[in-house]
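What follows is one structure encoded as structure tokens, with my remarks underneath.
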There are 2 protein chains.
Amino acid sequence: MQRPAVDRRVAAIKALAHPSRLLIAETLMGGERCVCDLQALVGADMSTVSKHLSLMRAAGVLTCERRGLNIYYRLACSCLPEFLRCLDELAPEACGEGCCD
Amino acid sequence: MQRPAVDRRVAAIKALAHPSRLLIAETLMGGERCVCDLQALVGADMSTVSKHLSLMRAAGVLTCERRGLNIYYRLACSCLPEFLRCLDELAPEACGEGCCD
DNA sequence: CATCTATTTGGTATTTTTGCCAAATAGAGA
DNA sequence: TCTCTATTTGGCAAAAATACCAAATAGATG
């Protein structure tokens, strides 16, 4: 049973919509890392980090590969850097409350 | 007090990480719409739609403008179409469970 | 095979998000 | 000013997401 297009997109976006997960994705923009590296980076419980990674992989945002004792995660979403650059140009609530312009 | 960069990015991404909100954003890719149009589109309570719009505007993803009786919302994030196209190319959980490759 | 290490899974308490109703507001027009 | 319409806000119950602990798993290695 195929999920509707919107839901698949939402799942991928949700996979990036959390501080720890976005930090992971940003880090992986610089190349693959093993889970232990990512847990050190995020600073949360290992199980928490693992669940974040599973969620991101299920959404298609990451792929992983075992090598020796470690499992290495990699970013599957090549468009992330440009998207983040674009987001940084937005002006969040730049005009106070109410409807601006 | 400036929010850290990661949090601003997360806020913008969260603003898109909900079926109704993504539907709104996708619709606005085709040009501005008034709140009433968007509520008809989404099919939820007017107050619910309004809160989604506020959240998206606070995150910088939308801007709005009053004209006559209506308020028109517009997409501020020009990179959305390309980002969505990119997401559609991901292969969510294409390889069953466990670590693939 | 026994064990060790890295990672995942199950379970649950806590926090956050969501959605509706009712009430408030803001501006347009009589 | 009074009223009407479109939209927002406040409040709260229900649903979803998050984080930790403990236990399980999967390979690697002795």
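Labels below follow one simple rule: chain letters A, B, ... track the order of the sequence lines, proteins then strands, and each chain is numbered from 1.
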_How would you summarise protein contacts on nucleotides 15-25 of chain C per nucleotide, using B for base, S for sugar-phosphate only and - for none, with heavy-atom distances below 4.0 Å?_
--SSSBBB---

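- Ring orientation note: the planes of Phe83(A) and Phe83(B) are close to parallel, at an angle under 30° on the 30°/60° scale.
- One can place CG of Leu53(A) at 9 Å from P of dT7(C), the figure rounded to the nearest angstrom.
- Of the residues in residues 31-41 of chain A, none has a non-hydrogen atom less than 4.0 angstrom from any atom of DNA chain D.
- Tyr73(A) is listed as a side-chain neighbour of Val35(A), based on a closest heavy-atom distance under 4.5 Å.
- Across the protein-nucleic acid pair, Leu69(A) atom CG and dT8(C) atom C1' stand 15 Å apart, rounded to whole Å.
- Of all non-hydrogen atoms in Ala12(A) and Leu90(B), the two that sit nearest each other are CB-CD1, 4.5 Å.
- Distance alone, capped at 3.5 Å, is enough to place a donor-acceptor pair between the Thr27(A) side chain and the Leu23(A) backbone.
- Going from atom CZ of Arg67(A) over to atom P of dA6(C) covers 16 Å, rounded to whole Å.
- A salt bridge does not link Arg21(B) to Glu26(B): none of the charged side-chain nitrogens sits closer than 4.0 Å to a carboxylate oxygen.
- A heavy-atom distance below 4.5 Å is not found between the side chains of Lys14(B) and Lys14(A).
- Of the possible polar contacts, none joining the Gln39(A) side chain to the Asp45(A) backbone as a donor-acceptor pair under 3.5 Å is found.
- Between the P atom of dT5(D) and the CE atom of Met46(B) lies a distance of 13 Å, rounded to the nearest Å.
- Leu87(B) and Leu55(A) are not part of a single hydrophobic cluster, where members link through side-chain heavy atoms under 4.5 Å apart.
- The shortest distance between the side-chain N/O atoms of Asn70(A) and the OP1/OP2 oxygens of dT5(C) is not below 4.0 Å.
- Once rounded to the nearest 0.5 Å, the distance linking SG of Cys34(A) with CZ of Arg66(A) reads 11.5 Å.
- For the pair Ile24(A) CD1 and dT7(C) P, the computed distance is 12 Å after rounding to whole Å.
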*When you look at Cys86(B) and Cys79(A), which way does the disulfide (SG to SG under 2.5 Å) test go after all the steps?*
CA-CA 6 Å; Cys86(B) 169; Cys79(A) 46; 1.9 Å; yes

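- Put simply, CD on Glu65(A) is 19 Å from P on dA26(D), counting in whole angstrom units.
- Protein atom CD1 of Ile71(A) is 12 Å distant from nucleotide atom P of dA6(C), rounded to whole Å.
- For dT8(C), the OP1/OP2 oxygens have a side-chain nitrogen or oxygen of Tyr73(A) closer than 4.0 Å.
- Between the axis at the start and the axis at the end of the helix from dC1(C)-dG30(D) to dA30(C)-dT1(D) there is an angle of 30°, using five pairs per end and rounding to 10 degrees.
- Considering only heavy atoms from C-beta on, Arg9(A) comes within 4.5 Å of Asp88(B) through its side chain.
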